[in-house]
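Since the structure comes first, as structure tokens, the remarks are kept for the end.
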Amino acid sequence: MLPPPMSPVFAAMNTLPPLPWWAWVGFFAFIAVMLALDLGVIQRDSHEVKMKEALVWCGVWFALALAFNGLVYHWRGAELGNQFLAAYLVELCLSVDNVFIFIVIFAYFKVGPRWQHRVLFWGILGAVLMRAVFILAGVSVIQRFHWVLYLFGAFLVYTGIKMARPRKEEVDVDPEHNLAVRLFRRFFPVSARQEGGHFFIREAGRLAATPLFIVLLVVETTDLVFALDSLPAVLAISKDGFVALTSNIFAILGLRSLYFALNGVMQLFRYLKLGLAIILVFIGVKMLVERWLDISTVVSLGVIGGVLTMSVLASALIPEKPASRG
């Protein structure tokens, strides 16, 4: 029995030479240096991150992502360069949803602005490791079982439609409803007091976790859910493991700065979720019809860029309706 035909782009990518090991080592070494610089030098003294500082770092991460995108264009060709940019933009938009969740989590646990950067740093470090495992495993599965793409496509269409529907319920961040937190508390003592920005302290002669570590657990488990959403989206755009992973990680690394830049002005992007929903449906349909209709990455990039531009403009130009009084 012959295997199902692949799209022209996927077939062409199978002819690419395998990526040398030093490319992977070099990328992760660069990420490690940037994270060490961030936590060990720039954030050595914990402080509240102001809007100006956050915007500067947003610009730094965006410039680094574009520079790396240029390297991909030059080194691996225009097709993979376009795929990197498209995947990066989609993941960046998904990150805005993360920002909203972070705002809810920090407000619920009353985490002061001084310690929010520390929680996000370690939370995003865990997110990088999770994405690396998920994406590389996903690429391996797709290479062996091409039909999985259709499941991913259907999931994206479902996710996009669900995201577009208005929701009134609030996000549940209660640690008593979090399985990871409940399991952790069963096997490890948790202190009721917080000492600075420490995740663990000595209490009554034994090591105990602080409430700030519980916040970190909630952040990590929340990102696990987002990782399951973003995996099909990025693999719908690129089946190249290096491109899929690096674009995803660059978007995640800018998430902390994005949080501090957008915190308090999220209402200015109220139509961005609708735009993201449209993009996810488009990407899902693209996956479902790729056997019969190949939609090029350039076209996909145009659709993604156009929808994002329109959603941001709509957020800025359409006045927000005043809240109705019951």
Side-chain angles (χ1 to χ4, degrees), residues 3-14 16 65 69 72 76-98 130-164 225-252 272-308 311:
M6 294 182 290
S7 69
V9 172
F10 192 36
M13 286 178 55
N14 281 341
L16 289 171
N69 191 196
V72 174
R76 308 201 70 201
E79 175 60 33
L80 288 181
N82 289 332
Q83 290 179 12
F84 178 95
L85 183 57
Y88 174 73
L89 290 176
V90 169
E91 183 61 31
L92 203 59
C93 293
L94 285 169
S95 296
V96 176
D97 240 9
N98 287 50
M130 279 192 289
R131 301 299 173 91
V133 172
F134 285 178
I135 290 177
L136 295 181
V139 170
S140 178
V141 169
I142 288 175
Q143 288 175 345
R144 289 170 172 78
F145 309 103
H146 185 258
W147 53 266
V148 173
L149 282 176
Y150 302 118
L151 295 181
F152 282 173
F155 177 76
L156 286 176
V157 172
Y158 167 78
T159 303
I161 294 174
K162 184 179 178 182
M163 184 178 292
V225 176
F226 278 99
L228 295 176
D229 284 342
S230 67
L231 173 64
V234 69
L235 293 181
I237 296 171
S238 179
K239 285 80 175 178
D240 182 272
F242 187 76
V243 170
L245 180 58
T246 54
S247 60
N248 207 269
I249 288 180
F250 266 112
I252 293 172
L272 191 59
K273 176 168 283 193
L274 178 59
L276 180 57
I278 295 172
I279 290 172
L280 292 181
V281 171
F282 166 75
I283 294 174
V285 171
K286 176 179 179 291
M287 295 181 79
L288 292 174
V289 304
E290 72 166 6
R291 181 174 179 179
W292 304 275
L293 176 64
D294 179 54
I295 301 175
S296 70
T297 306
V298 174
V299 172
S300 300
L301 194 54
V303 172
I304 293 169
V307 171
L308 291 181
S311 60

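In this text, all values refer to a predicted model and were calculated from it rather than measured experimentally.
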Taking the side chain as every heavy atom from C-beta outward, state whether [X] and [Y] have any atom pair closer than 4.5 Å.
| X | Y | value |
| --- | --- | --- |
| Leu274 | Ser311 | no |
| Ser300 | Ile283 | no |
| Arg76 | Gln83 | no |
| Val281 | Leu156 | no |
| Tyr88 | Asn69 | no |
| Phe282 | Ile295 | yes |

Work out which heavy atom in [X] is nearest to a heavy atom in [Y]; give both atom names and the distance.
| X | Y | result |
| --- | --- | --- |
| Leu280 | Gly160 | CB-CA, 4.1 Å |
| Phe152 | Met287 | CB-CE, 3.5 Å |
| Val307 | Gly275 | CG1-O, 3.3 Å |
| Ser247 | Val234 | OG-CG2, 4.1 Å |
| Val157 | Leu288 | CG2-CD1, 4.3 Å |
| Pro232 | Phe155 | CG-CD2, 3.7 Å |

How long is the gap from [atom1] on [X] to [atom2] on [Y], to the nearest 0.5 Å?
| X | Y | atom1 | atom2 | value |
| --- | --- | --- | --- | --- |
| Ser238 | Asn248 | OG | CG | 11.0 Å |
| Leu308 | Leu276 | CG | CG | 8.0 Å |
| Leu94 | Leu89 | CG | CG | 11.0 Å |
| Leu149 | Lys286 | CG | NZ | 9.5 Å |
| Arg131 | Ile252 | CZ | CD1 | 4.0 Å |
| Met130 | Leu231 | CE | CG | 12.5 Å |

- [ ] Please state whether the rings of Tyr150 and Trp292 are parallel, tilted or perpendicular, taking 30° and 60° as the class boundaries.
- [x]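 Geometry flag for Trp292 against Tyr150: tilted rings.
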